[in-house]
Engineer: 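Handing you this structure, nothing more for now.
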Amino acid sequence: MFQCKDLLTLPSMAKARIIAGKSGLSNRIRWVYKPENMNFAKWVKGQELLIISTPVIQSKDFDLQAVIKKAKKLDMAGALLLVGDKYIASIDSTIISYSNLNDFPIFVISGEIPLVDIFEEIGHAIAYNKDSDVLSDDILSGIQKGYRLTIL
């Protein structure tokens, strides 16, 4: 199974660092989710890594603390925050405290890192993980490997 601690082994995450919730590094990551607005509850099923970037940051009702609390309530694995001038400029200490108390890992990385690289590596790591509870020859794995599917 792919866990939050495994994020730091990915080449695209080489410049990432964990700033809170280290006791939750064993949280399982089933998939990733990048919300477009603050109303993302119906789109997640639990154990997703929440990736906070634009456009959610630019939404008029964006509240990082509310997003983190909602993610924890929805049983998400942790959060990856894109930071920088055009992204999240600062993270309040109450968010750090909340994440530490609730075993909810928060990673930060520069917003200049291409998200496509991060998504691709995490997707491959989840799909090809030898300890995964998903069969390696299932439909998702086949799609990621580029196999053609024939429906009879």
Side-chain angles (χ1 to χ4, degrees), residues 1-83 87-88 91-111 113-145 149:
M1 109 181 98
F2 189 73
Q3 299 173 317
C4 287
K5 66 182 174 187
D6 300 321
L7 288 170
L8 298 173
T9 67
L10 301 175
S12 64
M13 294 285 290
K15 294 183 179 179
R17 57 190 176 89
I18 184 161
I19 61 164
K22 290 181 183 176
S23 57
L25 286 174
S26 63
N27 293 352
R28 179 176 183 242
I29 298 175
R30 185 181 59 79
W31 205 243
V32 295
Y33 181 72
K34 184 175 82 78
E36 294 183 12
N37 59 49
M38 293 290 291
N39 302 315
F40 59 89
K42 68 180 178 180
W43 303 108
V44 298
K45 297 181 183 201
Q47 298 181 328
E48 293 91 351
L49 175 68
L50 179 68
I51 297 182
I52 302 294
S53 69
T54 53
V56 70
I57 293 170
Q58 296 175 347
S59 66
K60 63 181 187 277
D61 61 343
F62 178 71
D63 177 346
L64 182 58
Q65 186 168 356
V67 169
I68 297 298
K69 286 183 176 182
K70 182 183 287 190
K72 176 62 182 171
K73 182 179 177 185
L74 294 170
D75 192 33
M76 296 183 86
L80 173 63
L81 311 180
L82 274 63
V83 295
Y87 300 94
I88 296 174
I91 301 163
D92 192 270
S93 62
T94 59
I95 295 169
I96 304 295
S97 296
Y98 176 84
S99 294
N100 285 333
L101 289 171
N102 289 281
D103 306 328
F104 189 79
I106 296 180
F107 299 85
V108 294
I109 196 166
S110 169
I113 303 292
L115 272 181
V116 67
D117 294 342
I118 294 171
F119 275 97
E120 181 179 34
E121 285 182 1
I122 292 172
H124 285 143
I126 291 168
Y128 301 135
N129 190 305
K130 67 178 186 276
D131 297 326
S132 175
D133 57 0
V134 178
L135 296 175
S136 63
D137 60 347
D138 69 2
I139 292 174
L140 176 61
S141 181
I143 290 169
Q144 289 180 327
K145 290 178 183 175
L149 300 176

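Please read all numbers here as calculations on a predicted model, not as lab measurements.
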Engineer: Looking only at atom types and distance, does a side-chain atom of S59 sit under 3.5 Å from a main-chain N or O of V56, one as donor and one as acceptor?
Structural biologist: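 Present.
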Engineer: Is there a side-chain contact (heavy atoms from CB on, under 4.5 Å) between W31 and I122 once you walk through the steps?
Structural biologist: CA-CA 8 Å; W31 205 243; I122 292 172; over 6 Å; no
Engineer: Quick one: does L82's side chain get under 4.5 Å of I51's, heavy atoms only?
Structural biologist: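 Side-chain contact under 4.5 Å: yes.
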Engineer: If you count every heavy atom of other residues, nucleotides or ligands that lies below 6.0 Å from E36 atom CD, does the total exceed 12?
Structural biologist: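 Open.
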Engineer: So S23 and N100, side-chain contact (heavy atoms from CB on, under 4.5 Å) or not? Walk me through it.
Structural biologist: CA-CA 7 Å; S23 57; N100 285 333; over 6 Å; no
Engineer: Side-chain contact test, heavy atoms from C-beta onward, threshold under 4.5 Å: evaluate it for L64 versus L81 and give yes or no.
Structural biologist: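 When only atoms from C-beta onward are counted, L81 and L64 do touch, with a gap below 4.5 Å.
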Engineer: Would you mind telling me which of I18, L80, L50, I19 makes a side-chain contact (heavy atoms from CB on, under 4.5 Å) with I106?
Structural biologist: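 By the side-chain contact (heavy atoms from CB on, under 4.5 Å) criterion, I106 pairs with just one of I18, L80, L50, I19: I19.
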Engineer: Measuring from atom OG of S110 to atom CZ of R17, what distance do you get when rounded to the nearest 0.5 angstrom?
Structural biologist: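 Output value for this atom pair is 11.0 Å.
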Engineer: Would you say I52 and I88 make side-chain contact, with heavy atoms under 4.5 Å?
Structural biologist: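 Counting from C-beta outward, I52 and I88 do come under 4.5 Å.
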Engineer: Are L10 and I118 side-chain neighbours, meaning at least one heavy-atom pair lies under 4.5 Å?
Structural biologist: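 Side-chain contact under 4.5 Å: no.
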Engineer: Tell me if a side-chain donor or acceptor on K34 pairs with a main-chain N or O of P55 at a distance below 3.5 Å.
Structural biologist: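 The answer is no, because no donor-acceptor pair under 3.5 Å joins these two groups.
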Engineer: Check whether any side-chain N or O of Y33 sits under 3.5 Å from a backbone N or O of E48 as a donor-acceptor pair, and report yes or no.
Structural biologist: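 Side chain of Y33 to backbone of E48: no pair is present.
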Engineer: Within the 4.5 Å heavy-atom criterion, are M38 and V67 side-chain neighbours or not?
Structural biologist: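 With C-beta onward as the side chain, the pair touches.
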Engineer: What's the shortest heavy-atom distance between F2 and A125, and which atoms?
Structural biologist: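 That would be CE1-CB, 3.5 Å.
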Engineer: Does K72 reach the main-chain N or O of F104 with its side chain, forming a donor-acceptor pair under 3.5 Å?
Structural biologist: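 No.
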Engineer: What pair of heavy atoms forms the shortest contact from S12 to I109, and how long is it?
Structural biologist: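 Minimum heavy-atom separation between S12 and I109: O-CD1, 3.5 Å.
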Engineer: Are R30 and I126 close enough, and set up right, to give a side-chain contact (heavy atoms from CB on, under 4.5 Å), and what steps lead you there?
Structural biologist: CA-CA 7 Å; R30 185 181 59 79; I126 291 168; over 6 Å; no
Engineer: Which pair of heavy atoms, one from A71 and one from F40, lies closest together, and at what distance?
Structural biologist: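 Scanning both residues, the minimum pair turns out to be N-CZ, 4.4 Å.
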Engineer: Mind listing the closest non-hydrogen atom pair of A79 and I68 along with its distance?
Structural biologist: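 Scanning both residues completely, I find the closest heavy atoms to be CB-CD1, 3.9 Å.
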Engineer: I need the M76 CE to L49 CG distance, nearest 0.5 Å.
Structural biologist: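 If I round to the nearest 0.5 Å, the distance is 7.5 Å.
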Engineer: Supply the atom-to-atom distance C4 SG to K22 NZ, rounded to the nearest 0.5 angstrom.
Structural biologist: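 Reported to 0.5 Å precision, the distance equals 14.0 Å.
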Engineer: Who pairs with P11 by side chain to side chain contact (heavy atoms under 4.5 Å, CB included), at least two apart in sequence or on another chain?
Structural biologist: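 P11: side chain to side chain contact (heavy atoms under 4.5 Å, CB included) contacts with E121.
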Engineer: For residues P105 and G24, report the shortest heavy-atom separation together with the two atoms involved.
Structural biologist: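 Minimum heavy-atom separation between P105 and G24: CG-O, 3.2 Å.
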Engineer: Side-chain contact, heavy-atom cut-off 4.5 Å: Q3 with D6?
Structural biologist: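 The answer is yes, as the side chains (C-beta and beyond) meet within the 4.5 Å cut-off.
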Engineer: Distance from M1 atom CE to S26 atom OG, nearest 0.5 Å?
Structural biologist: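 Atom-to-atom, M1:CE and S26:OG are 8.0 Å apart.
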Engineer: What heavy-atom pair brings L115 and S53 nearest, and what distance separates the two atoms?
Structural biologist: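 Looking at all heavy atoms of both residues, the shortest contact is CD1-OG, 3.7 Å.
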Engineer: Measure from the side-chain N and O atoms of K69 to the backbone N and O of Y98, and report whether any donor-acceptor pair falls under 3.5 Å.
Structural biologist: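 Between the backbone of Y98 and the side chain of K69 there is no qualifying donor-acceptor contact (under 3.5 Å).
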Engineer: Distance-only, no hydrogens or angles: does the N27 side chain make a donor-acceptor pair with backbone N or O of D103 under 3.5 Å?
Structural biologist: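 Yes, because the side chain of N27 sits within donor-acceptor range (under 3.5 Å) of the backbone of D103.
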